[in-house]
**Q** 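Take a look at the following structure, please.
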Amino acid sequence: MPANAFEELQWRGMLFDYVEGVQSLLATQKVTVYNGFDVTADSLHIGHMLPLLALARLQRYGHHPIAVAGDPSGKSAERQLLTRDQVEHNTQAIKAQLARFLDFESRSNPARLVNNADWLMPLNLIDFLRDIGKYFTVNYMIAKDSVRSRIEREEGISFTEFSYMLLQSYDFLHLHRTFGCLLQTGGSDQWGNITAGVELVRRATGRAVYGMVYPLITKADGSKFGKTEAGAVWLDAKRTSPYRFYQFWLNTDDRDVIHYLKVFTFLSPDEVAALQDALHVHPEQREAQRTLARTMTAMLHGESALARAEQAAQALFGGAVEGLSAAEIEDIFANVPAALLGSDALGGGGMNIVDLLVTCGMMKSKGEVRRAISEGGVYLNNHRVAESERAVTLADLLEGAFLILRRGKKNYFLVKVAPNPYIG
């Protein structure tokens, strides 16, 4: 284990830039550190995980973490303005997610979740401009990358967005005065706002505080990290199921997986090195990816959800499908061809398997189906169909609504059974 939090973050490749003195600060003191989290939604997504896990690492080394909800960090476009009630709702929704990583019950250095609306909303504009605005020149603010890049675009930047640097800087000043906070962290795109806060605290109080930023996560293939065809990967299980979350990490490129193991897990250097060796010797076994997927899913959703996610993943490779919920079945087989079938067709003596596959459109002719069955290549609910005379009945339905058909190893077809007879 590295000797201090700075060395830990450095080994994991999580340091992009920092104010001089951070290395000594983290090595010699137990400090209060904060990171802001945008609460424009009622869930965090995996883009928030690097700074969140960094806070968790700092806490494990004895530092005092503060998560600030509603952080006005620099954005590349005009942001959505929320009501106070929306911000409060979203803040409470993400606290449970934060608690999967931060210890709010620690007796020595408990994490805190605070809402910057508590101190920003009561501000008087004239007082704020007189007491805080005087420390900032327009020249200084325009020189920051986050502002300059917006000004150079055709759509420009609103005065509201322009003012966020002052508000975020005031966050640091308030947290320094209230909790003795000495360090602000964030993504590298927030460097300008963070250093502005460092400067404000210095000028307003005469005390030294510090900033540290993390690199933005990239993917070796050039695509954006955290995005899938379905959109963002959320931490809320209702938005992104544990199965989808597991699959996201399992599908990590060989070129990225070791870096992700360092950044996103708490595995030791020796454990990461062993997985790196395994990746080099037997890349086809994907041990590093499986470890990453299992570790991340268990850390966020728990061991029970991990077990179900692994069962769901195996279902696509011929594993057992009995016991999967209706939602899991639809999630797993969301991208395979599907048809709707009336439950009347399976009543009484049921429907012959040959007729079923042709009726639903999985195969074109009865002769094709019979040949596939004779060759051992047709499966119902991942069980091989041995005879062409096999009848499919209501008793075969999974969760009372689904039949999973497969030809060969990978060609799946989902039949959704509903009360009204309809094929489509």
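Starting from 1, each residue takes its place in the sequence as its number.
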**Q** Report yes or no: do Ser223 and Asp221 form a side-chain donor-acceptor pair below 3.5 Å?
**A** yes
**Q** Kindly say whether Val87 contributes a backbone atom to a donor-acceptor pair with the side chain of Asn90 at under 3.5 angstrom?
**A** no
**Q** Quick one: list whatever passes ring-ring contact (aromatic ring centres under 6.0 Å, His included) with Phe6, sequence neighbours left out.
**A** Tyr18
**Q** Tell me, please, which residues at least two apart from Thr178 pass side chain to side chain donor-acceptor pair (under 3.5 Å).
**A** His174
**Q** Would you find more than 12 non-hydrogen atoms of other residues, nucleotides or ligands less than 6.0 Å from Arg60 atom CZ?
**A** no
**Q** Take a 6.0 Å sphere around CZ of Phe162 and say whether it holds more than 12 heavy atoms from other residues, nucleotides or ligands.
**A** yes
**Q** Checking side-chain polar atoms at under 3.5 Å, does Thr91 have a donor or acceptor matched by the opposite partner on Glu88?
**A** no
**Q** With rounding to the nearest 0.5 Å, note down the distance linking CD in Gln59 to CZ in Phe101.
**A** 13.0 Å
**Q** Please name the pair of heavy atoms, one in Arg244 and one in Asn335, separated by the smallest distance, quoted to 0.1 Å.
**A** NH1-ND2, 4.1 Å
**Q** Quick one, Glu287 with Arg294, criterion salt bridge (charged side-chain N to carboxylate O under 4.0 Å, His left out). Give me CA distance, side-chain angles, the key distance, then yes/no.
**A** CA-CA 10 Å; Glu287 184 179 351; Arg294 296 188 83 257; over 6 Å; no
**Q** Using a 4.5 Å cut-off on heavy atoms from C-beta on, say whether the side chain of Asp189 contacts that of Val213.
**A** no
**Q** Who pairs with Asp253 by salt bridge (charged side-chain N to carboxylate O under 4.0 Å, His left out), at least two apart in sequence or on another chain?
**A** Arg255
**Q** Kindly compute the distance separating CG (Leu166) from CG (Asp171), expressed to the nearest 0.5 Å.
**A** 11.0 Å
**Q** Apply side-chain contact (heavy atoms from CB on, under 4.5 Å) to residues Tyr164 and Asn193 and explain how you reach the verdict.
**A** CA-CA 8 Å; Tyr164 276 132; Asn193 288 342; 5.6 Å; no
**Q** Using only atom types and a distance under 3.5 Å, with no angle test, would you say the side chain of Ser169 pairs donor to acceptor with the backbone of Gly197?
**A** yes
**Q** To check you understand the geometry: which heavy-atom pair defines the closest contact between Val22 and Met212, and what is its length?
**A** CG1-SD, 3.8 Å
**Q** Quick one, Leu356 with Leu341, criterion side-chain contact (heavy atoms from CB on, under 4.5 Å). Give me CA distance, side-chain angles, the key distance, then yes/no.
**A** CA-CA 9 Å; Leu356 174 65; Leu341 179 68; 3.7 Å; yes
**Q** Just by distance, do the side chain of Arg286 and the backbone of Asp254 share a donor-acceptor pair under 3.5 Å?
**A** no
**Q** Supply the atom-to-atom distance Leu380 CG to Phe413 CZ, rounded to the nearest 0.5 angstrom.
**A** 13.0 Å
**Q** Between Arg406 and Asn411, is any side-chain donor less than 3.5 angstrom from a side-chain acceptor?
**A** no
**Q** Please determine, by modelled atom types, if Gln23 and Glu7 share a side-chain donor-acceptor pair under 3.5 angstrom.
**A** no
**Q** For the pair Arg112 (side chain) and Ile66 (backbone), establish whether a donor and an acceptor sit closer than 3.5 Å, ignoring hydrogens and angles.
**A** no
**Q** Backbone N or O of Gln247 within a donor-acceptor pair of the Asn251 side chain at under 3.5 Å?
**A** yes
**Q** Do the side-chain N and O atoms of Gln97 and Ser43 include a donor-acceptor pair separated by under 3.5 angstrom?
**A** yes
**Q** Looking at Tyr379, I'd like to know if the NZ or CZ of Arg407 sits under 6.0 Å from its six-membered ring centre while staying within 45 degrees of the ring's axis.
**A** no
**Q** Main chain of Asp256, side chain of His259: is a donor-acceptor contact present, judged purely on distance under 3.5 Å?
**A** no
**Q** Looking only at heavy atoms, what is the nearest atom pair of Ile94 and Val39, with distance?
**A** CD1-CG1, 3.4 Å
**Q** Salt bridge between Arg371 and Glu375, side-chain N to carboxylate O under 4.0 Å?
**A** no
**Q** Show the nearest heavy-atom pair for residues Lys30 and Tyr61, with the distance to one decimal.
**A** NZ-O, 2.7 Å
**Q** Testing the basics here: between Pro65 and Leu55, what is the closest heavy-atom pair and its distance to 0.1 Å?
**A** CB-CD2, 3.9 Å
**Q** Distance-only, no hydrogens or angles: does the Asn381 side chain make a donor-acceptor pair with backbone N or O of Val321 under 3.5 Å?
**A** no
**Q** Going by side chain to side chain donor-acceptor pair (under 3.5 Å), name the residues that satisfy it together with Arg239, two or more places apart in sequence or in a different chain.
**A** Asp42
**Q** Treating Thr393 as the side-chain partner and Gly350 as the backbone partner, does any N or O pair qualify as donor plus acceptor under 3.5 Å?
**A** no
**Q** Can a cation-pi geometry be assigned to Lys95 and Phe104, taking NZ or CZ under 6.0 Å from the six-membered ring centre and within 45° of the ring axis?
**A** yes
**Q** Any chance you could measure Asn4, atom CG, to Leu25, atom CG, to the nearest 0.5 Å?
**A** 10.5 Å
**Q** Taking only residues two or more places apart in sequence or in another chain, which ones pass side chain to side chain donor-acceptor pair (under 3.5 Å) with Glu328?
**A** Arg308, Ser325
**Q** If we count only N and O atoms by modelled type, under 3.5 Å, do the side chains of Asn382 and Glu322 hold a donor and an acceptor together?
**A** no
**Q** Measuring from atom CG of Leu58 to atom CD of Glu8, what distance do you get when rounded to the nearest 0.5 angstrom?
**A** 9.5 Å
**Q** So Phe225 and Phe248, would you call those rings parallel, tilted or perpendicular, with 30° and 60° as cut-offs?
**A** perpendicular
**Q** Within the distance-only criterion (no hydrogens, no angle test), does the side chain of His63 pair as donor or acceptor with the backbone N or O of Val31 below 3.5 angstrom?
**A** yes
**Q** Do any N or O atoms from the side chain of Arg370 and from the backbone of Ser388 form a donor-acceptor pair under 3.5 angstrom?
**A** no
**Q** Would you indicate whether the side-chain heavy atoms of Thr265 and Met296 approach each other to under 4.5 Å?
**A** yes
**Q** Quick one, Asn35 and Val68 - any side-chain contact, counting heavy atoms below 4.5 Å?
**A** no
**Q** Using side chain to side chain donor-acceptor pair (under 3.5 Å) as the criterion, list what pairs up with Thr195, not counting sequence neighbours.
**A** Lys144
**Q** Return the CD to CG distance between Gln29 and Leu183, rounded to the nearest 0.5 Å.
**A** 11.0 Å
**Q** Is the number of heavy atoms from other residues, nucleotides or ligands within 6.0 Å of NZ (Lys409) greater than 12?
**A** no
**Q** Can you confirm whether Ile46 sits close enough to Trp249 that some side-chain heavy atom of one is under 4.5 Å from a side-chain heavy atom of the other?
**A** yes
**Q** Minimum heavy-atom separation for Ala401 and Leu397, please, with both atom names.
**A** N-CB, 3.9 Å
